[in-house]
Amino acid sequence: MYQAVRARLRALVDGAGAALRRRAAERAFRRDAGMVTSEYAMGIVAAVGFAVILYKVVTSDAVSAELQGIVKRALDARM
C-alpha cells in the first residue's frame with residue numbers, strides 16, 4: 001500500500017512539474033515574440049528615417065538640378 005501511494009504521489013508531482021515547465025516555456029516564447037515585434041518596429045522606424053533623409057537629399061536644389069541635367073543630356077544625345 002505504501003509503495004502504491006508513493007508511486008501515485010510521485011506521478012502527481014512529476015505531472016505538476018512538467019506542467020510548470022510547459023507554462024514557463026510558453027511564457028518565454030511569448031516574451032521572445034514581443035522582442036521580435038519590437039525589433040520589427042525599430043527596423044520600420046529606421047527605414048522610414050532613411051527614406052525621409054533620401055527624399056530630402058533627392059529633392060534638394062543641387063541634386064534636383066544635377067538629375068535634370070543628366071536627363072536632359074540623355075534626351076539630347078544623338079543616336
Side-chain angles (χ1 to χ4, degrees):
M1 174 88 168
Y2 172 75
Q3 291 177 346
V5 171
R6 185 177 171 132
R8 180 67 181 144
L9 283 174
R10 174 56 58 197
L12 288 172
V13 169
D14 288 345
L20 288 174
R21 285 190 296 275
R22 223 179 2 262
R23 285 186 189 155
E26 289 172 0
R27 278 192 298 256
F29 176 73
R30 276 185 254 145
R31 207 171 331 126
D32 287 344
M35 289 174 51
V36 170
T37 303
S38 66
E39 290 170 358
Y40 281 127
M42 292 303 296
I44 289 171
V45 168
V48 169
F50 181 72
V52 168
I53 292 171
L54 186 60
Y55 175 77
K56 291 289 186 182
V57 168
V58 170
T59 57
S60 69
D61 292 334
V63 174
S64 181
E66 188 64 33
L67 288 173
Q68 287 177 358
I70 291 170
V71 170
K72 186 175 180 180
R73 283 193 302 272
L75 293 175
D76 290 339
R78 295 186 180 226
M79 291 190 193

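Its side chain within the 4.5 Å cluster rule, Val71 clusters with Leu75 among the Ile, Leu, Val, Met, Phe, Trp and Tyr residues.
By the 4.5 Å heavy-atom criterion applied to side chains, Glu66 and Val63 are not counted as neighbours.
The side-chain contact (heavy atoms from CB on, under 4.5 Å) test applied to Val58 returns Leu54, Leu67, not counting sequence neighbours.
Summarising the local packing, CG of Asp76 is surrounded by more than 12 heavy atoms from other residues, nucleotides or ligands at distances under 6.0 Å.
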